[in-house]
Protein chains: 2
Amino acid sequence: MDDDTLIFTFFNEIGIVSQLSQAFLNRHLPDGLHSSHFATLNHLYRVGDGSTPLAIANAMQVTKATMTHTLSVLEKRELVQISSNPRDGRSKKVFLTPAGRAFRLEAIGEVTTAMATVASLFDRAELESSLPTLQRVRKILDAERTNRPSGD
Amino acid sequence: MDDDTLIFTFFNEIGIVSQLSQAFLNRHLPDGLHSSHFATLNHLYRVGDGSTPLAIANAMQVTKATMTHTLSVLEKRELVQISSNPRDGRSKKVFLTPAGRAFRLEAIGEVTTAMATVASLFDRAELESSLPTLQRVRKILDAERTNRPSGD
DNA sequence: ACTATTTGGTTTGATGTCAAACTAAATGGG
DNA sequence: CCCATTTAGTTTGACATCAAACCAAATAGT
């Protein structure tokens, strides 16, 4: 297998696993929540809230237009609260509401339960050992695309 | 890091790498071709043509409805040709046209060129060594979702 | 200070994807 | 043989996502 083929194969496999895992999430998240919403809630929880939409978009690797949409959905459900930034009239700040925190916990519970059977099939060490590779690949790809710089 | 966190982290990383690589493809594929179209052309080339839409959908891990759409785009561009199956009135057979083969080569060229700089940053052995893990994970996830059975 | 550029966010239009309902053909049990 | 079930594909309606055009606020260069 030459280098190009290896790379194609690698990314093809990544793409399929990603699709399957996202489909898994979408099937098991409560109340029609989409995996992108779940990821956003988790991000807000992890980094502490008050991030700007653009920062979140960069962290999630989606465009700011997409984030506008995602946040409007979350806001409509009252899982986040969006306030204008007194320091900068252009930007906004996003906060998890108590409902948002509760919902996140509930979602994690559901997913974890649903995952229980399948999780036991994974080799923990195997996943762990490929994490650094994934992170390196992510960094490289992220640096490559000059626009929309890295976040998180 | 407990097991659940590890798994979440793993799939999160997979998701981001997948999104970045797909975005990369979408940016560099010629003529507005989408990565899913590219993947479908490649699949047809690899398995030899004459597959049914459903078989392709399973291999690509998308629903048959999605495949109907993808194939109609490819057919409109005359990159594939779709004929009815004389053996089975319900199903169809998909063939790469000469234009489709040519287009695939062109696309591979473009992508490979675009990838040249970034590809040199990857550690070939590293990618190679994580491939089996990805394939195992894929198999597990694929088996889990009882509907829409595995292909390829 | 004033204009030009950059930056954060929204809007618009297009597209890919999915789930669910539907159609038509094949298969199977009586 | 006939009806019930399964199977392949399409249609419909919803939604996530993107690129490009747009607006408004901040910043910079002169």
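Below, all heavy atoms of this structure are taken into account, side chains as well, without hydrogens, waters or symmetry copies. Each chain gets a letter, A, B and so on, in the order the sequences are listed, and its residues count up from 1.
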inquiry  = Nearest heavy atom decides the nucleotide; on that basis, is A/D88 or A/H34 closer to the 5' end of DNA chain D?
reply    = A/H34
request  = Check every atom of C/dG16, D/dC18, D/dT10 against the side chain of B/V73 and return the nucleotide holding the closest atom.
outcome  = C/dG16
key: Nucleic acid contacts - residues 101-110 of chain A versus DNA chain D, non-hydrogen atoms under 4.0 Å   = none
For atom CG of B/N26 and atom C1' of D/dA16, their distance in whole Å = 14 Å
ask   = In this structure, which one of B/D3, B/D4, B/D2 forms a salt bridge (Lys or Arg N to Asp or Glu O under 4.0 Å) with A/R124?
value = B/D3
ask   = Is A/L54 reachable from B/L20 through a run of I, L, V, M, F, W or Y residues, each pair having side-chain heavy atoms under 4.5 Å apart?
value = no
task = Report the residue (B/H69 or A/A65) whose heavy-atom-nearest nucleotide on DNA chain D is the more 5′ of the two.
result = B/H69
message = Taking ring-ring contact (aromatic ring centres under 6.0 Å, His included) as the definition, give me every residue that meets it alongside B/F122, ordered by chain and number, with sequence neighbours left out.
response = A/F11
ask   = Whole-Å distance between C/dT12 P and A/K64 NZ?
value = 16 Å
Strand contacts (DNA chain D) in residues 90-97 of chain B, 4.0 angstrom heavy-atom criterion = B/R90, B/S91, B/K92
key: Among B/T68, B/V73, B/L74, side chain to side chain contact (heavy atoms under 4.5 Å, CB included) partner for B/T70   = B/L74
In one Ile/Leu/Val/Met/Phe/Trp/Tyr side-chain cluster, 4.5 Å: B/F24, B/L121 = yes
inquiry  = Side chain of B/T68, heavy atoms from C-beta onward: which of D/dG9, C/dC18, D/dA16 has the nearest atom to it?
reply    = D/dG9
query = Rounded to whole angstrom units, what separation is found between the CZ atom of B/R87 and the C1' atom of C/dT27?
reply = 17 Å
remark   = Which of B/R101, B/K93, B/H43 passes side chain to side chain donor-acceptor pair (under 3.5 Å) with B/D49? Answer is B/R101
query = Got B/T112 and A/F8 here, is their nearest side-chain heavy-atom distance under 4.5 Å?
reply = yes
query = Is any side-chain heavy atom of A/L33 less than 4.5 Å from a side-chain heavy atom of A/N26?
reply = no
